[in-house]
Participant: 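I have a structure I would like to understand better, so I am pasting it below and will then ask my questions one at a time.
Each chain gets a letter, A, B and so on, in the order its sequence line appears, and its residues count up from 1.
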2 protein chains.
Amino acid sequence: MTAAQRAAPRRERARAATIEEIKQTALRLMHEQGTLSVRFTDIARAMDMTPPALYRYFADRDVLLCALITDAYDALGEYVAECREGAPVADLAERWKAVAQAYRDWARREPEQFMLILGMPLPGYAAPTDGPTTEAAKRAMAQLQSLFHEANAQGALRPPIVAEVSAAVEECAAMKNAESPATVSPAHFQAMLHAWASLHGFVMLEINGHFDWIGEAARDALFLGQVRAIAHAAGMPVPDA
Amino acid sequence: MTAAQRAAPRRERARAATIEEIKQTALRLMHEQGTLSVRFTDIARAMDMTPPALYRYFADRDVLLCALITDAYDALGEYVAECREGAPVADLAERWKAVAQAYRDWARREPEQFMLILGMPLPGYAAPTDGPTTEAAKRAMAQLQSLFHEANAQGALRPPIVAEVSAAVEECAAMKNAESPATVSPAHFQAMLHAWASLHGFVMLEINGHFDWIGEAARDALFLGQVRAIAHAAGMPVPDA
DNA sequence: TCACTGCGTTACGCCTCATAACAAACACGA
DNA sequence: TCGTGTTTGTTATGAGGCGTAACGCAGTGA
């Protein structure tokens with residue numbers, strides 16, 4: 001054991017704090033500039049440092065982005081889970097609504113982070129097998145999956161509107177069920193993916209400005225309608241209008 | 001009238017050809033590199049030219065991107081319209097399926113162009129009022145809207161699953177109906193937006209790699225299921241499984 | 001033949017990413 | 001208290017992209 005290794009405690013804390021400050025600054029700049037391409041130079045300037053200093057903490061920009069992605073999907077997952085728990089266990093319609101609204105609200109509050117994890121994959125990225133990118137998908141889905149599992153356990157799950165399931169999807173559902181305790185029927189697995197896609201599409205269109213012509217109030221109403229339509233189609237209890 | 005103005009014909013054709021070649025090269029490079037950030041230098045190299053030469057045709061990279069965006073939404077709109085016309089007028093279920101599949105297929109074939117128009121807005125862009133970005137939304141929607149209009153004219157339109165329409169959405173629908181000959185009821189206007197969002201979400205998740213774990217065959221089946229579920233929810237005739 | 005216009009080139013300045021070499025601050029043991 | 005090695009920050013430097021400026025060259029029409 002070297003002296004350095006034993007020396008650690010204070011320095012490690014300082015280092016962790018700096019790393020955190022860098023990430024926060026990067027997020028702030030992304031937010032302010034409304035873009036995902038943050039300049040190392042700008043981050044350094046904002047922190048009263050020189051650009052090369054940042055390389056002590058992140059090997060290059062991609063590593064920093066990777067860290068931001070990891071953080072972002074954790075944050076999204078946590079927020080959605082938190083909001084889901086905020087609604088009573090018995091009221092599944094409310095739980096679904098809470099999940100959907102959490103997804104939307106988080107995306108609207110942190111559009112850059114949302115795009116970071118669910119937008120276009122970065123050029124040199126996504127190399128690590130089962131990297132954070134696919135993890136993001138899994139976590140987002142896990143939230144939904146447990147919702148369907150709960151509903152089924154409570155006997156509140158109707159069959160989805162589209163009940164036919166192809167062999168390929170069935171196989172896929174089996175694979176997915178094998179790696180999670182919250183098992184669901186193939187038909188509801190399919191419905192779950194439909195639900196996620198529909199929810200995601202609304203949020204994507206909205207945060208990317210394609211619903212800007214719709215006006216705030218109408219958009220909110222439209223979203224609630226979408227949430228209800230999804231619940232209908234998926235066989236979940238439908239939230240009130 | 002100057003000499004140059006009269007001289008035009010041949011030179012103008014050459015110029016147009018070069019502009020076209022630049023755009024095609026840019027698209028090809030984007031496609032090859034899987035990214036939206038094309039380097040002027042690379043385009044020039046691929047065309048056996050020097051970078052500054054491109055500035056004779058595009059003031060800067062943003063102008064080029066702007067042109068690409070305009071082209072892309074035209075291409076998407078045309079392809080979707082073409083596929084819609086490919087299905088018989090009477091068979092509205094097939095028409096809807098054709099539109100949805102065209103949207104998906106085009107996005108899969110040209111993911112970069114798709115992200116260009118429907119992905120994250122570019123930093124310095126979207127300035128021109130009613131610029132191509134919002135135009136893209138309008139055109140995509142126009143395709144759907146005429147579909148609903150046709151269905152209604154044929155008496156094949158059921159009420160959507162979610163029939164309640166807020167005053168705000170109703171107002172929005174009225175506004176939209178005023179600027180298009182293909183009028184639809186407020187409830188179906190709402191359903192149409194839900195349909196678009198759902199379709200869009202699936203496509204976005206897919207082309208951004210979040211469905212990579214699903215396997216080709218299952219993804220196709222899943223998509224068909226989604227298309228059917230959307231038709232169900234929107235009150236449109238439902239395609240066969 | 002001769003101006004004129006448009007196109008493409010080279011030369012340049014500025015900025016960013018990233019590395020290298022160096023200096024200061026620090027922790028710890030003797 | 002001092003010396004050693006580590007960590008962290010700096011300045012200096014190189015590679016490469018964007019965009020401008022100034023120049024050469026070809027085609028056009030009088």
Participant: Among A/T25, A/T35, A/L36, A/I43, find the one that has a side chain to side chain contact (heavy atoms under 4.5 Å, CB included) with A/M30.
Facilitator: A/L36
Participant: Grab the CZ-P distance between A/F58 and D/dT8 for me, whole Å please.
Facilitator: 13 Å
Participant: Just how far, in rounded Å, is C1' of C/dT10 from CE of B/M49?
Facilitator: 14 Å
Participant: Roughly how many Å is it from CG in A/D42 to P in C/dA18, rounded to a whole number?
Facilitator: 14 Å
Participant: A/L54 has an atom CG; how far is it from atom P of C/dC17, in whole Å?
Facilitator: 10 Å
Participant: Can A/E216 and A/R219 be counted as an ion pair, charged N to O under 4.0 angstrom?
Facilitator: yes
Participant: Taking the minimum atom-to-atom distance to the side chain of B/R39, which one of D/dC18, C/dC17, D/dT10 wins?
Facilitator: D/dC18
Participant: A/P52 side chain: which of C/dG8, D/dT10, D/dC18 is closest?
Facilitator: D/dT10
Participant: OP1 or OP2 of C/dC7 versus the side-chain N and O atoms of B/T18: is any pair under 4.0 Å?
Facilitator: no
Participant: I'd like to know if A/R104 and A/D220 make a salt bridge, using a cut-off of under 4.0 Å between side-chain N and carboxylate O.
Facilitator: yes
Participant: Just the rounded figure in Å: distance from C1' of D/dT10 to CG of A/D48.
Facilitator: 14 Å
Participant: Please tell me if B/Y55 has a side-chain N or O lying less than 4.0 Å from either OP1 or OP2 of C/dC7.
Facilitator: no
Participant: Taking CZ from A/R15 and P from D/dG9, how many angstroms apart are they, rounded to a whole number?
Facilitator: 9 Å
Participant: A/R61 has an atom CZ; how far is it from atom P of C/dC17, in whole Å?
Facilitator: 6 Å
Participant: Whole angstroms only, please: what is the CD1-P distance between A/I43 and C/dT16?
Facilitator: 12 Å
Participant: From C/dG8, D/dG9, C/dT16, pick the nucleotide closest to the side chain of A/T41?
Facilitator: C/dT16
Participant: Should the heavy atoms of other residues, nucleotides or ligands under 6.0 Å from CD of B/Q101 be counted, would the total exceed 12?
Facilitator: yes
Participant: Output yes when at least one side-chain N/O atom of B/Y57 is less than 4.0 Å from OP1 or OP2 of C/dG6, else no.
Facilitator: no
Participant: How about B/Y55 and B/F40: are their ring centres within less than 6.0 Å of each other?
Facilitator: yes
Participant: Is any side-chain N or O of B/T50 closer than 4.0 Å to OP1 or OP2 of C/dG8?
Facilitator: no
Participant: Below 3.5 Å, does any donor atom in the side chain of A/R56 face an acceptor in the base of D/dG9, or the other way round?
Facilitator: yes
